[in-house]
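The next block holds one structure in the form of structure tokens; read it before the comments.
Throughout, residue positions are numbered sequentially from 1 according to the sequence presented. If you're wondering where the values come from, they're calculated on a predicted model, not measured in any experiment.
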Amino acid sequence: MKFWRIPLDHDQFVAPHGQVSIISARCKGCGLCEAYCPRRVLQMSVTFNAKGYYVPEVTDASACVACGLCQIMCPEFAIYVTELEMECQKPESSF
């Protein structure tokens, strides 16, 4: 996506990144995590768990911004997001 303008301090901040973890034994394959992911990080896999449900898999881990929508939408608490520590620059004071 291309923006027609950018903030003046865009180079001083870094978008957060997250790591999605899936507990496949709890998953019932409802697909809510895949449907509500704004960055399309998750998709349903072709493998299934011990209960016989297709579980989601992470397709593009670098696109995750740790929004937590997949974690919130999961009715079985089978998915959670950990925000990764990134080195970012602090804005310099103008005084």
Side-chain angles (χ1 to χ4, degrees):
M1 176 157 53
K2 186 171 177 154
F3 296 108
W4 63 276
R5 64 184 186 133
I6 56 173
L8 296 174
D9 59 353
H10 77 283
D11 57 344
Q12 296 178 359
F13 297 98
V14 177
H17 291 287
Q19 178 181 5
V20 178
S21 301
I22 301 166
I23 305 170
S24 62
R26 290 186 188 173
C27 183
K28 290 190 177 175
C30 66
L32 289 175
C33 56
E34 178 189 11
Y36 284 95
C37 181
R39 304 292 300 257
R40 302 290 178 224
V41 173
L42 300 168
Q43 76 174 15
M44 298 306 282
S45 68
V46 295
T47 60
F48 52 90
N49 61 7
K51 296 178 185 177
Y53 298 109
Y54 291 104
V55 295
E57 65 182 358
V58 178
T59 57
D60 186 12
S62 64
C64 182
V65 292
C67 68
L69 283 176
C70 57
Q71 178 176 318
I72 293 169
M73 296 307 297
C74 182
E76 301 298 324
F77 303 102
I79 190 167
Y80 61 95
V81 179
T82 307
E83 187 172 341
L84 300 175
E85 295 292 325
M86 300 292 293
E87 184 178 321
C88 63
Q89 300 173 355
K90 299 290 181 188
E92 297 178 10
S93 63
S94 61
F95 296 112

Kindly compute the distance separating [atom1] ([X]) from [atom2] ([Y]), expressed to the nearest 0.5 Å.
{"X": "Cys33", "Y": "Gln71", "atom1": "SG", "atom2": "CD", "result": "11.5 Å"}
{"X": "Leu84", "Y": "His17", "atom1": "CG", "atom2": "NE2", "result": "8.5 Å"}
{"X": "Leu42", "Y": "Ile22", "atom1": "CG", "atom2": "CD1", "result": "5.5 Å"}
{"X": "Lys51", "Y": "Cys27", "atom1": "NZ", "atom2": "SG", "result": "8.5 Å"}
{"X": "Met44", "Y": "Tyr53", "atom1": "CE", "atom2": "OH", "result": "11.5 Å"}
{"X": "Cys74", "Y": "Lys28", "atom1": "SG", "atom2": "NZ", "result": "10.5 Å"}

Worked check of side chain to side chain contact (heavy atoms under 4.5 Å, CB included) between Arg39 and Val65: CA-CA 8 Å; Arg39 304 292 300 257; Val65 292; 3.1 Å; yes

Evaluate side chain to side chain contact (heavy atoms under 4.5 Å, CB included) for Val41 paired with Val58, printing each intermediate quantity in order. CA-CA 6 Å; Val41 173; Val58 178; 3.8 Å; yes

Can any side-chain N or O of Asn49 pair as donor or acceptor with the backbone N or O of Arg26 at less than 3.5 Å? no

Spell out, as yes or no, whether a donor-acceptor pair under 3.5 Å connects the side chain of Arg40 to the backbone of Glu34. yes

Dump the intermediate steps for side chain to side chain contact (heavy atoms under 4.5 Å, CB included) on Ile23 and Tyr80, then the final yes or no. CA-CA 9 Å; Ile23 305 170; Tyr80 61 95; 4.2 Å; yes

Going through the checks in order, is the side chain to side chain contact (heavy atoms under 4.5 Å, CB included) test met by Cys70 and Val81? CA-CA 8 Å; Cys70 57; Val81 179; 3.6 Å; yes

Identify whether Leu69 and Leu32 are in the same connected component of the hydrophobic contact network (ILVMFWY, side-chain heavy atoms under 4.5 Å). no

